[in-house]
Amino acid sequence: MTGSRGLLPQEFYARETLAVARDLLGKLVHRDGVVLRITEVEAYRWPDDTANHCRHGRTARNAPMWGTAGRAYVYLCYGLHNMLNVVTDQEGRGAAVLVRSCEPIEGLQTIRARRGDREGPELLTGPGKVGAALALDRGWSGHALFEPGGLELHDAPPVTGWLAGPRVGVQFASPQHVAAPWRLALPETRWVSQRRHLRPVTRPSCAPTR
DNA sequence: TCTACGATCTTT
DNA sequence: AAGATCGTAGAT
């Protein structure tokens, strides 16, 4: 049912961040009976991205972002939301992709139980909801997503066509980076937040930020 | 140590 | 438009 093609190899992640973000759409997150299909992501690139958590250098929190690609970076936002990121690019470069929205494929009952509802919206639109559906906390930060066990990322058929637009909640960044179209989503899905700010693109612009 | 604030989400 | 809720970063 999930059409699982197995774990994504570490090389998948060790590429330019916007390319990884683009290719993560449609892939599958597995975690203890729950399977989610990634429908919306944001790229936090390196260097020259003033919205990036690594913009001030290395800290205890962002340490996984500087390491090898393919690990999780999980952090607590606004004191309540655990945000799932996938570390990208080369070691020594602080870059990652934030998973913003997912379509639930399996384990809806488990997702509801984790959220504490019996029913209610199944929409996993917004990174806080994704983290809750996967029952993530900061203990998962640094976890290898390319190895079996716990939290895994699996391959799935490639998608065609994307929506692109500005990232959410980064008003503190420089105007150039506030406007940069580094949020990507699948066009055909309902699992996308703030769709009105997204526009169809034939291919996300991958101009490097060297 | 101290303090301001955030890659959010829900409710009013 | 604002409240919940707390770890973190940068300043002191």
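Below, chain A is the first sequence line, B the second, and so on; all start at residue 1. These figures come from a predicted structure and were not determined experimentally.
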*Who else is in Phe172(A)'s hydrophobic cluster (ILVMFWY, side-chain heavy atoms under 4.5 Å, direct or via others)?*
Tyr44(A), Met65(A), Tyr73(A), Tyr75(A), Met83(A), Val87(A), Leu98(A), Val170(A)
*Is any side-chain heavy atom of Leu7(A) less than 4.5 Å from a side-chain heavy atom of Asp155(A)?*
no
*Intra- and interstrand pairs of DNA chain B - dot-bracket, Watson-Crick/G-U under 3.5 Å, | marks other strand*: ||||||.||||.
*Interface with DNA chain C, restricted to residues 169-176 of chain A and to heavy atoms under 4.0 Å*: none
*From the options dC9(B), dC6(C), dA7(B), select the nucleotide whose nearest atom is closest to the side chain of Met83(A).*
dA7(B)
*Who passes salt bridge (Lys or Arg N to Asp or Glu O under 4.0 Å) against Asp32(A), sequence neighbours left out?*
Arg114(A)
*So does Arg183(A) get a side-chain nitrogen or oxygen closer than 4.0 Å to the phosphate oxygens (OP1/OP2) of dA7(B)?*
no
*Does the distance from a Lys or Arg side-chain N to an Asp or Glu carboxylate O, for Asp48(A) and Arg55(A), drop under 4.0 Å?*
no
*Nearest-angstrom distance, C1' atom, dA2(C) to dC5(B)*: 15 Å
*Protein-nucleotide distance (Asp137(A), atom CG; dT8(C), atom P), rounded to Å*: 12 Å
*Partner set under salt bridge (Lys or Arg N to Asp or Glu O under 4.0 Å) for Arg15(A), not counting sequence neighbours*: Asp23(A)
*Would you indicate which nucleotide in dC6(C), dT8(C), dT8(B) comes nearest to any side-chain atom of Leu76(A)?*
dC6(C)
*Taking atom C1' of dA4(C) as reference, at what distance in whole Å does atom CG of Asn82(A) sit?*
15 Å
*Which residues within residues 51-73 of chain A lie with some heavy atom under 4.0 Å of an atom in DNA chain C?*
His56(A), Thr59(A), Arg61(A)
*Using 4.0 Å as the upper bound for N to carboxylate O, is an ion pair formed by Glu42(A) and Arg100(A)?*
yes
*Is a salt bridge present between Glu16(A) and Arg45(A), judged by a nitrogen-to-oxygen distance below 4.0 Å?*
yes
*If you draw the axis of the six-membered ring of Trp66(A), does the NZ or CZ of Arg93(A) fall within 45° of it and under 6.0 Å from the ring centre?*
no
*For the side chain to side chain donor-acceptor pair (under 3.5 Å) test, which of Lys129(A), Arg190(A), Glu40(A) pairs with Ser101(A)?*
Glu40(A)
*Close side-chain approach of Val178(A) and Gln171(A), heavy atoms under 4.5 Å*: yes
_With Tyr13(A), the side-chain contact (heavy atoms from CB on, under 4.5 Å) member among Thr68(A), Val86(A), Asp89(A)_ = Val86(A)
*When you measure from the side chain of Lys129(A), which nucleotide among dG7(C), dT8(B), dT10(B) comes out closest?*
dT10(B)
_By nearest atom, which of the nucleotides dT10(B), dT8(B), dC6(C) is closest to the Val168(A) side chain?_
dT8(B)
